[in-house]
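Structure first, commentary second.
What you are looking at is a predicted structure, and each value in this text was computed from that prediction instead of being measured.
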Amino acid sequence: MRFDLITALPGLVASPLAHSILQRAQTKGLVEVQVHDLRDYATDKHRQVDDYPFGGGAGMVLKAEPIFACYERLVDEARARGEAGPDAFVYLTPDGTTLTQDIASGFSLRRHVVLLAGHYKGVDQRVRDALITHELSIGDYVLSGGELPALVLIDAVVRLLPGVLGDAESALSDSFMDGLLDAPAYTRPADFRGMPVPEVLLSGNHTKIAEWRDDERLQKTRLRRPDLLDPSQRPSHP
Ligand code: ADE
């Protein structure tokens, strides 16, 4: 799988891509992530990628030309590699659809995803109308730009690609993978400052351990996120 991330702040995304699971997945050749500096596609000598909004108002708007130029270059390069071209162009924006585990799973089946990290007051609407195929938010709060949301999407998708996680880290038991939150986890020592690990986890009885974890997951989900449960599993309030 391949991601191309278009941003006016490439330095902001370098470190997360160069560590841990994201870095390992790239080294193993399971995913390729290329970051593109929008300023390289600016047409004026000041390399300006934003401008004042028509009609007035606060904030600057990302210009259409550099984004079109960058995207068209990515399409041409993909074709030159013998590929069909990007199969999604995602704009990260607080007014997009809220990212969920299901949406991340859907993206993990794609071959080539281009991401646009917005900044300032947003992006010229013509980019959204003509190029963007998906608009995604990572939650109901406003960040300074789309770079962190783009990394969140990449991370959520890459950990689902076959071969990225070892058995020990398997994504199958993550919170949300089957609609429930994850069970509590413990490691050594078995007793820390008078706080013991639940007995069952030391029992070696895998059936009992699995039952305990299922139970904990259901209880935690009922308590914290009843909206994730079937109506029949939700706690009934008097
Ligand atoms: N850009 C700014 N805030 C954002 C958010 N919550 N999700 C996606 N992109 C954003």
Side-chain angles (χ1 to χ4, degrees), residues 1 3 13-31 33 92 94 96-110 113 136-143 147-238:
M1 180 173 189
F3 288 99
V13 299
S15 172
L17 293 172
H19 287 91
S20 185
I21 288 168
L22 284 180
Q23 188 239 354
R24 220 170 57 210
Q26 291 170 88
T27 309
K28 282 192 192 168
L30 299 170
V31 66
V33 186
L92 286 308
T97 305
T98 307
L99 178 63
T100 59
Q101 190 65 36
D102 277 351
I103 293 176
S105 299
F107 275 100
S108 73
L109 303 174
R110 293 177 184 269
V113 176
L136 291 180
S137 162
I138 62 159
D140 289 344
Y141 40 84
V142 178
L143 300 167
E147 283 77 11
L148 299 178
L151 290 166
V152 165
L153 176 62
I154 293 173
D155 190 290
V157 171
V158 168
R159 56 186 287 107
L160 299 176
L161 298 177
V164 167
L165 297 185
D167 280 349
E169 307 159 310
S170 170
L172 291 176
S173 65
D174 282 351
S175 281
F176 300 112
M177 276 310 277
D178 58 3
L180 294 180
L181 302 181
D182 207 354
Y186 297 86
T187 188
R188 286 183 286 191
D191 189 315
F192 177 64
R193 299 189 179 178
M195 294 179 279
V197 166
E199 280 281 334
V200 60
L201 295 179
L202 310 174
S203 69
N205 183 333
H206 296 292
T207 313
K208 282 243 146 43
I209 292 171
E211 276 170 15
W212 179 84
R213 286 191 172 136
D214 284 348
D215 229 50
E216 291 287 324
R217 300 182 72 207
L218 195 55
Q219 272 186 45
K220 191 195 271 189
T221 311
R222 278 197 177 130
L223 204 63
R224 296 186 177 184
R225 295 293 307 276
D227 56 298
L228 295 176
L229 297 170
D230 286 343
S232 67
Q233 293 174 295
R234 283 183 200 149
S236 49
H237 296 294

N/O donor to acceptor pairs below 3.5 angstrom from side-chain atoms of residues 199-210, sequence neighbours left out:
| from | atom 1 | to | atom 2 | distance (Å) |
| --- | --- | --- | --- | --- |
| Ser203 | OG | Val200 | O | 2.6 |
| Ser203 | OG | Asn205 | N | 3.1 |
| Asn205 | OD1 | Thr207 | N | 3.2 |
| Asn205 | OD1 | Lys208 | N | 3.1 |

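Partners of Leu229 according to the side-chain contact (heavy atoms from CB on, under 4.5 Å) rule, which considers only residues two or more places apart in sequence or in another chain, are Leu180, Leu218, Thr221, Arg222, Gln233, Arg234. Looking at residues two or more places apart in sequence or on another chain, you find a side-chain contact (heavy atoms from CB on, under 4.5 Å) between Ile103 and Thr97, Leu99, Thr100, Phe107, Leu136.
Across Arg217, Glu216, Arg213, a single residue satisfies side-chain contact (heavy atoms from CB on, under 4.5 Å) together with Pro184, and that is Glu216.
Looking at Val31 and Val164, their side chains never come closer than 4.5 Å, going by heavy atoms from C-beta outward. You'll find the side chain of Glu147 stays beyond 4.5 Å of the side chain of Leu92, heavy atoms only. Taking the side chain as every heavy atom from C-beta outward, Val157 and Met1 approach each other to under 4.5 Å. Taking the side chain as every heavy atom from C-beta outward, Ile21 and Asp155 never approach each other to under 4.5 Å.
Here the closest heavy-atom approach between residue Leu143 and residue Pro149 is recorded as CD1-CG, 3.6 Å. The shortest non-hydrogen separation linking Ser108 to Leu160 is CB-CB, 4.0 Å. The two atoms that bring Gly96 and Ser137 nearest to each other are O-CB, 3.6 Å, heavy atoms only. Scanning both residues, Leu151 and Pro16, for their nearest heavy atoms gives CD1-CG, 3.6 Å.
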>> Could you walk me through whether Tyr186 and Met195 satisfy the side-chain contact (heavy atoms from CB on, under 4.5 Å) test, starting with their C-alpha distance in whole Å, then the side-chain angles of each, then the deciding distance to 0.1 Å, before giving a yes or no?
In response: CA-CA 11 Å; Tyr186 297 86; Met195 294 179 279; over 6 Å; no

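Within 6.0 Å of CG in Asp140 there are 12 or fewer heavy atoms belonging to other residues, nucleotides or ligands.
Atom CG of Leu161 is separated from atom NZ of Lys28 by 11.0 Å, given to the nearest 0.5 angstrom. In this structure, Leu148 CG and Leu153 CG are separated by 13.0 Å, a value rounded to the nearest 0.5 Å.
Side chain of Lys220 to main chain of Asp182: a donor-acceptor pair is present (N/O by atom type, distance under 3.5 Å, no hydrogens or angles).
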